[in-house]
Amino acid sequence: MYFYMKVSNSDLSPTSIAVYRALLHYANRKTWSCFPSVKTIMKDTSLSERTIRKHIKILEEKGWIIKILRERKDKGKTSNMYFFN
C-alpha cells in the first residue's frame with residue numbers, strides 16, 4: 001500500500017503515474033520487483049512504446065524505480081526488471 005500512497009502525493013505527471021501504477025500492478029509484494037514487457041504496459045495503459053520508455057526513464061531519474069537490463073543465456077533480449085524505491 002505504501003507505493004500506491006507515495007505516488008498519490010508526488011510531483012509526477014499523470015502519464016508517469018500511469019506507467020508507475022502499471023509497473024506496480026505486476027510487482028511481487030515481497031521483493032517489490034517486476035518484469036513486465038513494454039508491450040504489456042502498452043496494453044495496460046493504451047500509451048505508445050515511445051511514451052512508456054520516456055516515462056520509465058523519468059521514473060528512473062527521479063529515483064522512483066531502478067531498472068535492471070536482463071539478457072537470456074544466448075544473449076537475446078528479454079524484459080527489464082524493475083525495483084521500486
Side-chain angles (χ1 to χ4, degrees):
M1 193 64 160
Y2 168 76
F3 290 107
Y4 287 100
M5 298 303 291
K6 180 180 173 184
V7 76
S8 297
N9 300 319
S10 71
D11 65 343
L12 295 174
S13 72
T15 307
S16 289
I17 290 172
V19 172
Y20 181 85
R21 287 187 173 156
L23 290 169
L24 197 54
H25 174 76
Y26 294 97
N28 176 308
R29 299 303 191 254
K30 291 182 182 176
T31 63
W32 292 103
S33 64
C34 63
F35 44 91
S37 67
V38 170
K39 194 174 199 175
T40 297
I41 300 168
M42 288 170 60
K43 288 179 187 175
D44 290 351
T45 61
S46 299
L47 297 170
S48 71
E49 178 180 353
R50 186 173 178 177
T51 298
I52 290 167
R53 292 189 188 283
K54 173 185 171 184
H55 288 276
I56 285 174
K57 186 174 181 178
I58 289 168
L59 290 167
E60 278 186 282
E61 289 171 351
K62 291 189 174 228
W64 286 82
I65 60 171
I66 298 168
K67 180 176 84 173
I68 306 293
L69 303 174
R70 300 187 322 151
E71 289 184 346
R72 293 188 176 105
K73 290 180 184 178
D74 65 358
K75 301 296 181 188
K77 293 182 180 180
T78 187
S79 61
N80 296 316
M81 181 165 274
Y82 305 96
F83 293 91
F84 294 87
N85 273 333

Check your understanding: When you look at W32 and N85, which way does the side chain to side chain contact (heavy atoms under 4.5 Å, CB included) test go after all the steps?
Key -> CA-CA 9 Å; W32 292 103; N85 273 333; over 6 Å; no

Which pairs of donor and acceptor atoms, one on a side chain in residues 54-69, lie under 3.5 Å apart (sequence neighbours left out)?
unit_1 : atom_1 : unit_2 : atom_2 : d
H55    : ND1    : S16    : OG     : 2.7

Review point. Which residues pass the side-chain contact (heavy atoms from CB on, under 4.5 Å) test with T31, sequence neighbours left out?
Key: N28, S33

Check your understanding: Cluster partners of Y26, using ILVMFWY side-chain heavy atoms under 4.5 angstrom, listed by chain and number?
Key -> none

**Study point:** Distance in Å, I52 CD1 paired with L23 CG, rounded so as to fall on 0.5 Å steps
**Key:** 9.0 Å

Check your understanding: Pairs in or reaching into residues 32-50: which pass salt bridge (charged side-chain N to carboxylate O under 4.0 Å, His left out), with residues at least two apart or in two chains?
Key -> E49-R53

Check your understanding: Linking I/L/V/M/F/W/Y whenever their side-chain heavy atoms sit closer than 4.5 Å, directly or via other members, would Y20 and F35 fall into one cluster?
Key -> no

Practice item. Not counting sequence neighbours, which residues clear side chain to side chain donor-acceptor pair (under 3.5 Å) with T45? List them please. Key: none

Check your understanding: If two hydrophobic side chains count as joined below 4.5 Å and joins carry through other members, does V19 share a cluster with M81?
Key -> no

Point to revise | side chain to side chain donor-acceptor pair (under 3.5 Å) against T15, all qualifying residues, sequence neighbours excluded | key: none

Check your understanding: Hey, quick one: are L47 and L12 part of the same hydrophobic cluster, counting side-chain heavy atoms closer than 4.5 Å, chains of contacts allowed?
Key -> yes

